[in-house]
> 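Below is a structure I'd like to ask you about.
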Protein chains: 2
Amino acid sequence: MAKIKENSTNSFNRKFLTDCDLTYALQLMGGRWKLLILMRLTSGTQRFGELKKKITNITERMLTLQLREMEADGLITRQVFAEVPPRVEYTLTEIGKELISICDALHTWGARHRFQVAGEVSALSHDDVAEFSDSPPSAQLNDMV
Amino acid sequence: MAKIKENSTNSFNRKFLTDCDLTYALQLMGGRWKLLILMRLTSGTQRFGELKKKITNITERMLTLQLREMEADGLITRQVFAEVPPRVEYTLTEIGKELISICDALHTWGARHRFQVAGEVSALSHDDVAEFSDSPPSAQLNDMV
DNA sequence: GCCATTACTTACATTTTTGTATGTACCATA
DNA sequence: TATGGTACATACAAAAATGTAAGTAATGGC
């Protein structure tokens, strides 16, 4: 997403692919950190700082950008509390929640693919990266998400 | 994918996210044209030229690049026939086929999302872009794929 | 010999995405 | 008065993805 320059073939193709429901969906979830954010929010509302802490390696700028796009795309809602220091909470929308099961399927597929092509299992243990412990809806996920 | 420079934070993060099965999966299917290629192949083996014709707006270079990555990732196989002019056929692998149902779900979700946020229905009709008629496995798809 | 066909390759340019570094507002507390 | 915490914004730089234009190899048909 970000800036859109009306003329280039590149941005034309992006728009063109928006017409297909499948590639449209990919555009909504395709950012580098978006699925991780989404999975973090499956356990419920989270503050900006909580997300930042739990999503290893993401920078504040990237987190902000991805959250803003997800908000603009209707995947999450953003609630600002008039406090000092500021508090901002992010929550999955209904349509956002509907992505969870697809993510679960993708996660499973990814693990199967990894196992098949490399004969190896997920490299990360629970301790290497932040966990995802408090998650009733998709408790099978066992690595970063 | 493409070129990888070992040192940058950018490529480090790419590798880092490879450790998570979910973001790993996203990397495999995340190219701009990959899902379209995949859906085209659901109806069976296709030649390079057939894919090129059916996937509107893709250039030969992009088609080549995406196909090569998908082959390297084990999503498709590539068979070259020693003929002149050359003939090259692409076929989904088993693990590649396992993505189809996920794509179907994503497609459905995309349509629902589009309808919800904009109150509009898929912009493309069957005639605007190449169709996807000969597809037993996922016959619900109705736009580009 | 010349052209058409197919599936590419290569060099290059442009656009988009991602990351770095620094600054800001607000108010409570020390 | 100075400091700390939170959730950003901004200017800039680097890297990656995408697109353009041209060329290539092999061979059969004219």
Side-chain angles (χ1 to χ4, degrees), chain A residues 1-18 23 26-27 29-34 36-37 45-71 76 78-90, chain B residues 1-18 23 26-27 29-34 36-37 45-71 76 78-90:
Chain A
M1 299 249 150
K3 306 294 168 55
I4 297 176
K5 299 186 179 173
E6 217 60 31
N7 28 24
S8 70
T9 303
N10 194 330
S11 68
F12 172 81
N13 276 342
R14 165 183 282 275
K15 279 192 183 171
F16 174 73
L17 292 173
T18 291
T23 44
L26 185 64
Q27 285 175 11
M29 54 170 256
R32 174 169 282 187
W33 306 96
K34 283 183 185 174
L36 251 31
I37 293 171
T45 298
Q46 302 270 322
R47 294 185 60 171
F48 181 87
E50 291 171 327
L51 290 170
K52 184 181 139 196
K53 249 169 265 163
K54 288 179 180 171
I55 300 177
T56 315
N57 284 348
I58 197 169
T59 64
E60 291 193 346
R61 175 176 142 78
M62 272 303 118
L63 182 54
T64 301
L65 285 176
Q66 304 274 284
L67 285 170
R68 289 295 156 83
E69 285 186 10
M70 293 172 78
E71 187 198 3
I76 60 176
R78 175 175 183 263
Q79 190 177 7
V80 183
F81 294 85
E83 304 174 358
V84 168
R87 178 159 63 105
V88 181
E89 292 186 347
Y90 294 92
Chain B
M1 302 250 147
K3 305 294 168 55
I4 297 177
K5 301 187 177 172
E6 219 57 35
N7 27 23
S8 71
T9 303
N10 194 329
S11 67
F12 172 81
N13 277 344
R14 166 182 281 273
K15 279 191 180 172
F16 175 72
L17 293 172
T18 292
T23 45
L26 184 65
Q27 286 175 11
M29 53 171 257
R32 175 170 281 187
W33 306 96
K34 283 183 185 174
L36 252 32
I37 293 170
T45 298
Q46 302 270 322
R47 292 184 62 171
F48 181 87
E50 291 171 326
L51 290 171
K52 184 180 137 195
K53 249 170 266 163
K54 289 179 180 172
I55 300 177
T56 315
N57 284 348
I58 197 169
T59 63
E60 290 193 347
R61 174 178 141 77
M62 272 303 118
L63 182 54
T64 302
L65 285 177
Q66 304 273 286
L67 286 170
R68 288 296 155 82
E69 286 185 9
M70 292 172 79
E71 187 198 4
I76 60 176
R78 176 173 182 264
Q79 190 177 7
V80 185
F81 294 85
E83 303 173 357
V84 168
R87 178 159 63 103
V88 180
E89 291 185 349
Y90 294 91

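Convention: sequence-line order gives letters A, B, ...; per-chain numbering from 1. Fair warning: this is a prediction, and the values are worked out from it, not measured in the lab.
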> Looking only at side-chain N and O atoms, does Q66(B) come under 4.0 Å of OP1 or OP2 in dA17(D)?
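No, outside the criterion.
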> E69(B) versus K34(B): any side-chain heavy-atom pair under 4.5 Å?
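Touching, per the 4.5 Å side-chain cut-off.
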> Distances under 3.5 Å only, N/O to N/O: pair up the protein atoms with those of nucleotides 19-22 of chain C.
| residue | atom | partner | partner atom | Å |
| --- | --- | --- | --- | --- |
| dG19(C) | OP1 | R32(A) | NH1 | 3.1 |
| dG19(C) | OP1 | N13(B) | ND2 | 2.4 |
| dG19(C) | OP2 | W33(A) | NE1 | 3.3 |
| dG19(C) | N7 | R61(A) | NE | 3.0 |
| dG19(C) | O6 | R61(A) | NE | 2.9 |
| dG19(C) | O6 | R61(A) | NH2 | 2.7 |
| dT20(C) | OP1 | T9(B) | OG1 | 3.0 |
| dT20(C) | O4 | R61(A) | NE | 3.3 |

> Return the value, rounded to whole Å, for the distance between atom CZ of F48(A) and atom P of dA25(C).
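Computing the F48(A):CZ to dA25(C):P distance gives 18 Å.
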> Taking only residues two or more places apart in sequence, or in another chain, which ones meet R47(A) in a side-chain contact (heavy atoms from CB on, under 4.5 Å)?
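Checked R47(A) against side-chain contact (heavy atoms from CB on, under 4.5 Å); matches are E50(A), R87(A), E89(A).
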> Starting at CD of Q79(A) and ending at C1' of dA7(D), how long is that distance when rounded to a whole Å?
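Checked: the CD to C1' distance equals 15 Å.
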> Give one of base, sugar-phosphate or nothing for F81(B), where a contact means two heavy atoms less than 4.0 Å apart.
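Since no nucleic acid heavy atom lies under 4.0 Å of F81(B), the category is nothing.
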> Could you check how far CD of E89(A) sits from P of dT6(D), rounded to whole Å?
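E89(A) atom CD is separated from dT6(D) atom P by 14 Å.
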> Does a side-chain heavy-atom distance below 4.5 Å link L26(A) with L26(B)?
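Yes, their side chains come closer than 4.5 Å.
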> How close or far is atom C1' of dA16(D) from atom CD of E69(B), stated in whole angstroms?
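One finds 11 Å between C1' of dA16(D) and CD of E69(B), rounded.
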> Taking only the side-chain nitrogens and oxygens of R78(A), find out if one of them lies under 4.0 Å from OP1 or OP2 of dC8(D).
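For dC8(D), OP1/OP2 do have a side-chain N/O of R78(A) under 4.0 Å.
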> Mapping T64(A) and V84(A) to their closest nucleotides on DNA chain D, which lands nearer the 5' end?
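Comparing both residues, the 5'-ward one is V84(A).
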> Atom CG of L17(A) and atom P of dT15(C): how far apart are they, to the nearest Å?
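Nearest whole value for this atom pair: 18 Å.
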> Can you check the I55(B) CD1 to dA7(C) C1' distance for me, whole Å?
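Rounding to the nearest Å, CD1 of I55(B) and C1' of dA7(C) are 15 Å apart.
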> If an axis is fit to five pairs at each end of the helix from dG1(C)-dC30(D) to dA30(C)-dT1(D), what is the angle between the two, to the nearest 10°?
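Taking five pairs per end, the axes differ by 30°.
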> Any side-chain heavy atom of N57(A) within less than 4.5 Å of one from W33(A)?
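SC-SC contact between N57(A) and W33(A) confirmed.
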> In the structure I gave you, are the side-chain heavy atoms of R68(B) and L65(B) within less than 4.5 Å of one another anywhere?
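Not touching, per the 4.5 Å side-chain cut-off.
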> Tell me whether R32(B) contacts the main-chain N or O of T23(A) through its side chain, where contact means a donor paired with an acceptor under 3.5 Å.
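No, because the side chain of R32(B) does not come within donor-acceptor range (under 3.5 Å) of the backbone of T23(A).
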> State, yes or no, whether a side-chain contact exists between L51(A) and L36(A) at a heavy-atom distance under 4.5 Å.
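Not touching, per the 4.5 Å side-chain cut-off.
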> Think R68(B) has a side-chain N or O under 4.0 angstrom from the OP1 or OP2 of dC8(C)?
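Yes.
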> Which value, rounded to the nearest 0.5 Å, describes the distance between I37(B) atom CD1 and Y90(B) atom OH?
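Here the interatomic distance stands at 9.0 Å.
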> From CG of L63(B) over to C1' of dG19(D), roughly how many Å is that when rounded to an integer?
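So the CG-C1' distance, L63(B) to dG19(D), works out to 14 Å.
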> Taking the side chain as everything from C-beta on, heavy atoms only, tell me whether V88(A) gets closer than 4.5 Å to Q79(A).
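The answer is no, as the side chains (C-beta and beyond) never meet within the 4.5 Å cut-off.
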> Below 4.5 Å, heavy atoms only, C-beta onward: do R61(A) and L63(A) meet side chain to side chain?
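R61(A) vs L63(A): side chains apart.
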> In whole Å, what is the span from the CG atom of L26(B) to the C1' atom of dT17(C)?
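Distance check: L26(B) CG to dT17(C) C1' gives 14 Å.
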> Want to settle it: does G31(A) or P85(A) sit nearer the 5' end of DNA chain C, counting the closest nucleotide to each?
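It is G31(A) whose nearest nucleotide is closer to the 5' end.
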> If you check every side-chain atom of P86(B), which of dT6(D), dT6(C), dA9(D) has the closest atom?
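Looking only at side-chain atoms, P86(B) lies closest to dT6(C).
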